[in-house]
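One structure below.
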Amino acid sequence: MRCSLSRGTCFLPRLLVLACGVSARRASVMAAGSQTPQQAVVRSPQLEDKLTISLPLAGRIRNLDRPKSEALEKALGRLHSNAVPKADKKSKKRANQAAVPAQQDFFVGLYNGPTPDSELLTGNVSNEEAWQHGRLLVVGTQQYIIDLNPPIADKVELPGLPMVSYPICPVPTLLFAEEGLSQWQWYRSTSPGGPSAASTSQSADHGQEWRQPHTAAEFEGFSAIAGATARLYVPAKTDEGCILRVQCTPVSSSQAQGKRMGQPCFADTARVQQGPALTAAAQRHPLTPSPMAHPGVRVVTYNILADQYASREHAQKVLFGYCPKRYLDPDYRRPLILLELLGFHADIICLQEMDEKAFAECFLPQMQQAGFEGHYTNKASSTREGEATFYRTSRFRLAARQDVILRDCFKDLLHPAAQDSTVADATAQHAQRSKRAKRHAQFEPMLRSSPHLQRVLQGVATVAQMTLLEPVTQPYATPSPSSGQQMPMGTSDSSRAAAEESICVVNSHFFFHPRASHIRNIHTAAVMSEVEAFIDETLNGAASCNDSQQPTAATAAVTAATPSHRADEPSSAASEPGSSLRPAMLFCGDLNSDLNDGPPGTQGTISSHRPALLFCGDLNCGMNHGTPGVVQLLNSGHLPHDFWDWDFSAGFSWGPDADEAEAQPAETAADGVEPMAASQQLAEVEAAAGSGSSSQDSSAVNGISLSIPYQLRSADDLQSSFTNYVRGYSGLLDYIWYEPQRMRVERAIPLPSLEEVKAFVPSERFPSDHLSLCARRWCMTSHGTPVKLRSNTILSHVQMLLPLPHM
């Protein structure tokens, strides 16, 4: 009998593999029984059609990938062919006749138990059924105990530039392990001149291959740091010049197998350096020493400058040529941004220009360690950056969220998609499109008058996040009329109070082109309409927590929160169908709209039963000619057809490459501090995006009157001097808008003055070309009491973000 092998495929007869003769099997088992069993790791992910068998064999680790549905005999045949001793080339001919008996006598078998007394599995059982935890595998004279899906730490990633006083959060790649149960230990090289720091990480990517445990020799020159057993570590002054090592021990827990610990995995940092002596928020953090007590809510918005923009050659040599290249490195900027954010102890954080990779590998893990949850929305383009919204989980829980792709708001307005009766859900989809078109009907005259505008609106990649948050704990206790005791959660009064503290957070980064104010006006009105529809449909159950299959409004996806209520804790009225209590709205972000002259005050009264609305963003309109249309619209709820910036943008024209044109920092298209530099930058933008000249009559757009269902107020009452300060431009682009009928702002968190900033940003101290905005205290108005606004009057507690006085 002979074994024929071809290109790694084993044609070994079944009886040879499984039995090999009773005498051969007995001899192998008896010899194997005298040795200590080793471990064979089997990884069988649920959603994959293959499993991997890893074991030490013939002096090295062997990894066999086999289909789960394959018969066991084929996997054992491959093990047999790998394990049988091979003769060298010189002796092959002489030993050819002897090789066949040797192969025949080599036994490979899998038992249905941990000992050879168990039943030997037959070869026709599938791999998925056969390779179970605790079973015995015999290969020649060696025994192996099967370890199925043990917790594995495949690798640990660390930031490339550790700095004193800046937190480090390692990111493990885990398989069959629970991140929250994993154990951590930090080490420090015993001296600054210790082990080599040639490699940032000493744990290579093994592609999820099983490997031998680390040896004591690998830890020579390192000593454990006392008390450093948490995932997050803040390097101390004593760590400067040393290499830090973190070890992650993966842990899993299940009812069937209990708590299991896997093999540790470690990674090394580069040598710890000294960070900037003065942080970006050094003068502001003392004002925010801890999170707010109820009912205060602290809000931060920040355009953090996308890594991919800061790392471009044009940005490093031209746009930010004043900034040393090392300060534009993501490994330098990210720790500064995170330290600034965490030092505000905010409850809600809205970020713009968030890189997709940075969110997953850096910001989300570290923010989760600090008690936040968050979500990311990419722009509607190939550019991998967008917005991220975080919220403190001890203060809020996610009720629902929805992402708005602005171009979708206009897609079916003029050319509704035909209903396809052959599609099961075509009727529902057609109804949604009809509702969307109806919501944005006010734009139809403008779009019909300008086919060019239609094309532009379909090219702009702007998105907006809408996040509905409700309070985690019920702050109000309603006495029972009969007993005088506190009534339980879920009563009408408690639900009402919870609903009144719910907030709808809107986060966006508007299109930047200096001649495209009409685009921002249209987008503002569209977003506000989508917010109103999102809240209505959520409260009425159309966008319920359990329905993510049928998106509402103009969305890329509708993602509702995983139900987090206990059975004895009903959801608040903010998520009860048909409830008349509505969350407030907050609008934050980089809206790219600059302002010199403040708009007139607002008039009106809106019931405090409406949910609070917060709108944070970068308006991205680099104009210093007066109140932009976006500001006028948000502040008054109305924009007339003859407002000045309709005419200003009447001749806007855009080239064919929309994504590339938009993927530029806002300051490239601005004028301001240095007119010559600004004009050069504007020329570059117009070369890519099209001329802003009003001579192009074919693209001229006539203004229209716009209305939105909200009247908002800027948190700083439009008094801030600037949030963007670069060579060629200085202006106010970033805002936090809120409903003054539902909320008020207390105590100022000052922006840095020009004297404090000292030079253009980014810089050694300031990691972005924008400054962060922070509202120290947002208080909900007393429920049931509407607040009447008076023209040009700031509420008694509305003070925030006033620039520090000049020194």
Side-chain angles (χ1 to χ4, degrees), residues 291-301 346-350 372-375 387-402 464-476 495-508 527-528 530-532 534-536 538-539 543 545 560-561 564 571-576 579 581-589 606-617 634 709-715 735-746 773-783 787 798 800:
M292 296 298 301
H294 179 270
V297 180
R298 187 174 294 136
V299 181
V300 168
T301 184
D347 300 293
I348 299 171
I349 298 176
C350 296
F372 289 82
E373 276 299 337
H375 48 272
E387 284 81 71
T389 299
F390 294 94
Y391 57 92
R392 188 179 296 277
T393 56
S394 62
R395 185 69 175 82
F396 292 103
R397 63 183 161 217
L398 180 63
R401 59 167 286 240
Q402 184 169 293
Q465 293 180 314
M466 300 186 297
T467 307
L468 183 59
L469 301 174
E470 61 182 11
V472 170
T473 57
Q474 178 54 51
Y476 301 108
S495 296
R496 180 190 190 92
E500 289 175 349
E501 293 201 11
S502 296
I503 301 176
C504 181
V505 181
V506 183
N507 180 17
S508 190
V527 168
M528 292 295 99
E530 291 299 316
V531 169
E532 186 74 358
F534 167 63
I535 293 175
D536 284 342
T538 300
L539 297 184
C545 289
S564 57
S571 174
S572 72
S575 56
E576 292 177 358
S579 172
L581 303 177
R582 299 168 57 78
M585 197 265 272
L586 169 67
F587 189 175
C588 307
I606 300 179
S607 169
S608 65
H609 293 171
R610 297 181 72 256
L613 179 64
L614 299 179
F615 187 177
C616 305
L634 290 173
Y710 295 93
Q711 290 180 326
L712 305 181
R713 172 164 288 178
S714 177
Y735 299 82
I736 299 176
W737 294 88
Y738 71 101
E739 287 188 274
Q741 301 87 354
R742 299 295 313 283
M743 293 173 285
R744 58 187 178 186
V745 184
E746 277 187 356
L773 304 182
C774 176
R776 179 172 182 181
R777 183 182 290 265
W778 294 82
C779 294
M780 313 301 292
T781 60
S782 58
H783 45 288
V787 179
V798 179
M800 179 202 138

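This is a predicted model, so every value here is computed, not measured.
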**OP:** Verify side-chain contact (heavy atoms from CB on, under 4.5 Å) between L398 and L468, making sure each step is shown before the conclusion.
**Re:** CA-CA 6 Å; L398 180 63; L468 183 59; 5.9 Å; no

Original post:
If we only count heavy atoms from C-beta on, is the F396 to V297 side-chain gap below 4.5 Å?
Top reply: yes

Subject >> Nearest heavy atoms of M528 and P709, plus distance in Å >> reply: O-CG, 4.0 Å

Original post:
Is the closest side-chain heavy-atom distance between R395 and P471 below 4.5 Å?
Top reply: yes

**OP:** Would you sort out whether V300 and I348 count as a side-chain contact (heavy atoms from CB on, under 4.5 Å), showing the intermediate values?
**Re:** CA-CA 6 Å; V300 168; I348 299 171; over 6 Å; no

Original post:
M743 and Y738: which non-hydrogen atoms are nearest, and at how many Å?
Top reply: O-CE1, 3.5 Å

**OP:** Could you tell me whether a side-chain N or O of Q465 sits under 3.5 Å from a main-chain N or O of E387, the two making a donor and an acceptor?
**Re:** yes

**OP:** Apply ring-ring contact (aromatic ring centres under 6.0 Å, His included) to F390 and list each qualifying residue two or more places apart in sequence or on a separate chain.
**Re:** F359

Original post:
Between E532 and Y710, what is the shortest heavy-atom contact and its length?
Top reply: OE1-OH, 2.8 Å

Subject >> Least distance between heavy atoms, A388 atom then N507 atom >> reply: O-ND2, 3.2 Å

**OP:** Return the minimal non-hydrogen interatomic distance between A346 and I349, and the atom names on each side.
**Re:** CB-CG1, 3.8 Å

Subject >> Point-to-point distance, once rounded to the nearest 0.5 Å, from OG of S714 to CH2 of W737 >> reply: 5.0 Å

Original post:
So, do V531 and C504 sit near enough that their side-chain heavy atoms are less than 4.5 Å apart?
Top reply: yes

Original post:
Who pairs with T467 by side chain to side chain donor-acceptor pair (under 3.5 Å), at least two apart in sequence or on another chain?
Top reply: H375

Original post:
Does a side-chain heavy-atom distance below 4.5 Å link R397 with E373?
Top reply: no

Original post:
Got a salt bridge between R392 and D347, using NZ or NE/NH1/NH2 to carboxylate O under 4.0 Å?
Top reply: yes

Original post:
In Å, rounded to the nearest 0.5 Å, how long is the span from OG1 of T389 to CE of M466?
Top reply: 11.5 Å

Original post:
When you look at E501 and H294, which way does the side-chain contact (heavy atoms from CB on, under 4.5 Å) test go after all the steps?
Top reply: CA-CA 10 Å; E501 293 201 11; H294 179 270; 2.8 Å; yes

Original post:
Can you list the steps and then say if V506 with V527 is a side-chain contact (heavy atoms from CB on, under 4.5 Å)?
Top reply: CA-CA 9 Å; V506 183; V527 168; 3.8 Å; yes

Subject >> Nearest atoms (heavy-atom pairs only) where F372 meets T393 >> reply: C-CG2, 4.1 Å

Original post:
Would you say the side chain of C350 lies within less than 4.5 Å of the side chain of V505, judging by non-hydrogen atoms?
Top reply: yes

